[in-house]
2 protein chains.
Amino acid sequence: MTGTPPTLAALTTYLLSKTGKAARGRLAAHLSGEGLRLWHMAVLAALADFGPQAQRDLAARLVIDPSDMVKVIDELAAADCVERARDTADRRRVRVALTPAGRDRLAALTARAEAVQDEVLAPLDAADRATLHALLLRVHEALPAGPE
Amino acid sequence: MTGTPPTLAALTTYLLSKTGKAARGRLAAHLSGEGLRLWHMAVLAALADFGPQAQRDLAARLVIDPSDMVKVIDELAAADCVERARDTADRRRVRVALTPAGRDRLAALTARAEAVQDEVLAPLDAADRATLHALLLRVHEALPAGPE
DNA sequence: ACCCATCATTGGTGTCAGCCTACAATGGGC
DNA sequence: GCCCATTGTAGGCTGACACCAATGATGGGT
């Protein structure tokens with residue numbers, strides 16, 4: 001079966017959307033096996049890369065609604081991946097920090113993500129993957145921050 | 001603000017997912033202005049590329065649930081983009097065909113899609129876009145058909 | 001001391017995509 | 001003629017996602 005209509009396959013954005021969705025879907029499937037969603041991984045990554053943060057700053061950085069961030073942090077805290085502590089200087093703020101367990105969890109998740117990546121990018125050799133990554137990075141950096 | 005955590009930006013699949021979502025979102029926004037969704041465009045493209053089809057074959061080709069296909073065709077028919085006709089040989093089947101109006105509509109939509117593409121791929125020159133497209137095409141073709 | 005802004009939190013809304021069941025009409029094997 | 005498979009159709013359910021309003025605690029300016 002010819003599968004995809006050539007009119008669509010000719011659009012780079014279509015391929016981008018389709019392959020991106022495939023990648024996201026696969027990773028999400030793996031994560032849901034552990035009771036996690038993609039936002040959980042994003043939060044863990046942000047904490048690992050940028051250190052402990054006020055909840056609000058985390059939400060702003062990841063461009064997620066603060067009220068949704070609460071739930072994500074709730075679940076991460078329930079899994080001992082994250083610790084909440086009132087900021088002693090400004091007691092309105094809650095400082096969120098990665099626990100050792102959280103760091104391990106993140107390592108395991110990135111390993112899974114790389115496995116998914118190997119699967120999705122199977123037809124490309126190392127050089128191809130590098131150029132693809134570089135191109136996408138340029139596109140991504142030029143994208144406006146928000147979802148729109 | 002540093003925006004994206006490096007741990008995530010290092011994953012090609014993350015960039016793929018993010019840029020793909022951006023592209024899809026922008027095009028969807030344009031389409032919704034005309035009361036259409038992405039599936040409508042996909043169906044129009046499939047009809048233009050492969051000719052009139054039984055509804056079931058269309059659904060199988062695009063990997064969409066037949067019951068959802070009904071609604072998409074309903075809306076396309078209401079907009080005079082598509083014609084339904086019972087197959088005279090097998091009266092269970094419905095042959096769906098593109099109308100001239102539908103063909104025009106598709107041309108307008110692909111023009112919009114290319115405009116969105118120009119916007120998203122702004123940081124890349126023509127050569128970069130060509131290599132990106134070629135790489136994505138290889139990845140896409142290697143992807144299994146279904147969503148999983 | 002007072003007023004307003006900020007922060008985390010709760011809870012609710014709307015949308016959308018994907019999926020699954022039931023059903024009526026039709027076709028085709030036997 | 002009978003039984004089962006196929007096709008289009010209708011309807012509803014679910015999970016994810018984004019967004020928004022209200023509230024209680026706190027901070028800080030004046």
Side-chain angles (χ1 to χ4, degrees), chain A residues 17-18 20-22 24-33 35-43 52-78 82-97 145-148, chain B residues 17-18 20-22 24-25 27-29 31-33 35-43 52-78 82-97 145-148:
Chain A
S17 159
K18 215 70 198 297
K21 196 168 184 171
R24 176 169 50 246
R26 282 153 197 258
L27 183 52
H30 280 192
L31 293 188
S32 88
L36 296 180
R37 276 164 302 150
L38 292 168
W39 279 122
H40 296 120
M41 181 170 173
V43 168
Q53 305 247 340
Q55 207 163 300
R56 165 173 179 78
D57 295 339
L58 257 182
R61 190 189 294 279
L62 297 177
V63 194
I64 182 181
D65 192 280
S67 69
D68 294 323
M69 176 63 84
V70 174
K71 301 154 194 164
V72 174
I73 303 273
D74 276 349
E75 288 149 2
L76 286 176
V82 138
E83 265 182 355
R84 260 197 265 239
R86 283 270 163 205
D87 187 325
T88 52
D90 183 344
R91 297 180 32 81
R92 288 171 305 179
R93 290 175 168 253
V94 170
R95 181 178 143 283
V96 184
E148 208 282 336
Chain B
S17 159
K18 216 71 198 297
K21 195 167 185 173
R24 175 170 49 245
L27 182 53
L31 293 188
S32 88
L36 296 180
R37 277 164 301 151
L38 293 167
W39 279 120
H40 296 119
M41 180 169 174
V43 168
Q53 305 248 342
Q55 207 163 299
R56 164 172 180 80
D57 295 339
L58 257 183
R61 190 189 293 280
L62 296 178
V63 195
I64 181 180
D65 192 278
S67 69
D68 294 324
M69 177 62 85
V70 174
K71 301 154 194 166
V72 174
I73 303 271
D74 277 347
E75 288 148 2
L76 285 176
V82 138
E83 266 182 354
R84 261 196 265 239
R86 284 267 162 207
D87 186 324
T88 52
D90 183 344
R91 297 179 32 79
R92 289 170 304 179
R93 292 176 166 252
V94 172
R95 182 178 142 282
V96 184
E148 208 280 334

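The sequence lines fix the lettering, A, B, ..., with proteins before strands; numbering per chain opens at 1.
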Can you tell me the distance, in whole Å, between the CZ atom of A:Arg93 and the P atom of D:dG28?
-> 10 Å

Checking B:Arg95 side chain against B:Ala85 main chain: does a donor-acceptor pair fall under 3.5 Å?
-> no

From CZ of A:Arg24 across to P of D:dG15 the rounded distance in Å is 19 Å

For A:Ala89 and for A:Arg37, find the nucleotide of DNA chain D with the closest heavy atom, then tell me which residue's nucleotide is more 5'.
-> A:Arg37

Go through the N and O atoms of the side chain of A:Asp65 and the base of D:dC17, and report whether any donor-acceptor pair is under 3.5 Å.
-> no

B:Met69 CE to C:dC19 P: how many Å, rounded?
-> 14 Å

Between P of C:dT6 and CZ of A:Arg86, the distance in whole Å = 17 Å

Donor-acceptor pair present, A:Arg92 side chain and C:dT6 base, under 3.5 Å | yes

Nearest-nucleotide wise, let me know which of A:Leu38 and B:Arg95 is further upstream toward the 5' end of DNA chain D.
-> B:Arg95

Whole-Å distance, B:Leu36 CG to C:dA17 C1', equals 17 Å

Pairwise distance CD1(A:Ile73) to CG(A:Asp68) - rounded to 0.5 angstrom = 12.0 Å

For the side chain of B:Asp68 and the base of C:dC19, is some donor closer than 3.5 Å to an acceptor across the two?
-> yes

Under 3.5 Å: donor-acceptor pair, side chain of B:Arg86, backbone of B:Arg92 | yes

B:Asp74 CG to D:dT9 P: how many Å, rounded?
-> 7 Å

Do the side-chain N or O atoms of B:Arg91 get closer than 4.0 angstrom to the phosphate oxygens (OP1, OP2) of C:dT26?
-> yes

C:dC16 P sits how many Å from B:His40 NE2, rounded?
-> 11 Å

At under 4.0 Å, does any side-chain N or O of B:Arg84 touch on OP1 or OP2 of D:dT9?
-> yes

Considering only D:dG11, D:dG8, C:dG27, which nucleotide approaches the side chain of B:Lys71 most closely?
-> D:dG11

Spacing of A:Ile64 atom CD1 relative to D:dC20 atom C1', expressed in whole Å = 15 Å

Please work out if B:Val70 contacts a base, only the sugar-phosphate, or nothing of the nucleic acid, heavy-atom cut-off 4.0 Å.
-> base

Does a side-chain N or O from B:Trp39 land closer than 4.0 Å to OP1 or OP2 of C:dC16, or not?
-> no

Supply the atom-to-atom distance A:Met69 CE to A:Leu62 CG, rounded to the nearest 0.5 angstrom.
-> 5.0 Å

Compare side-chain N and O positions of A:Lys21 against OP1 and OP2 of C:dG18 and report whether any pair is under 4.0 Å apart.
-> yes

Donor-acceptor pair, A:His40 side chain versus A:Arg37 backbone, under 3.5 Å?
-> yes

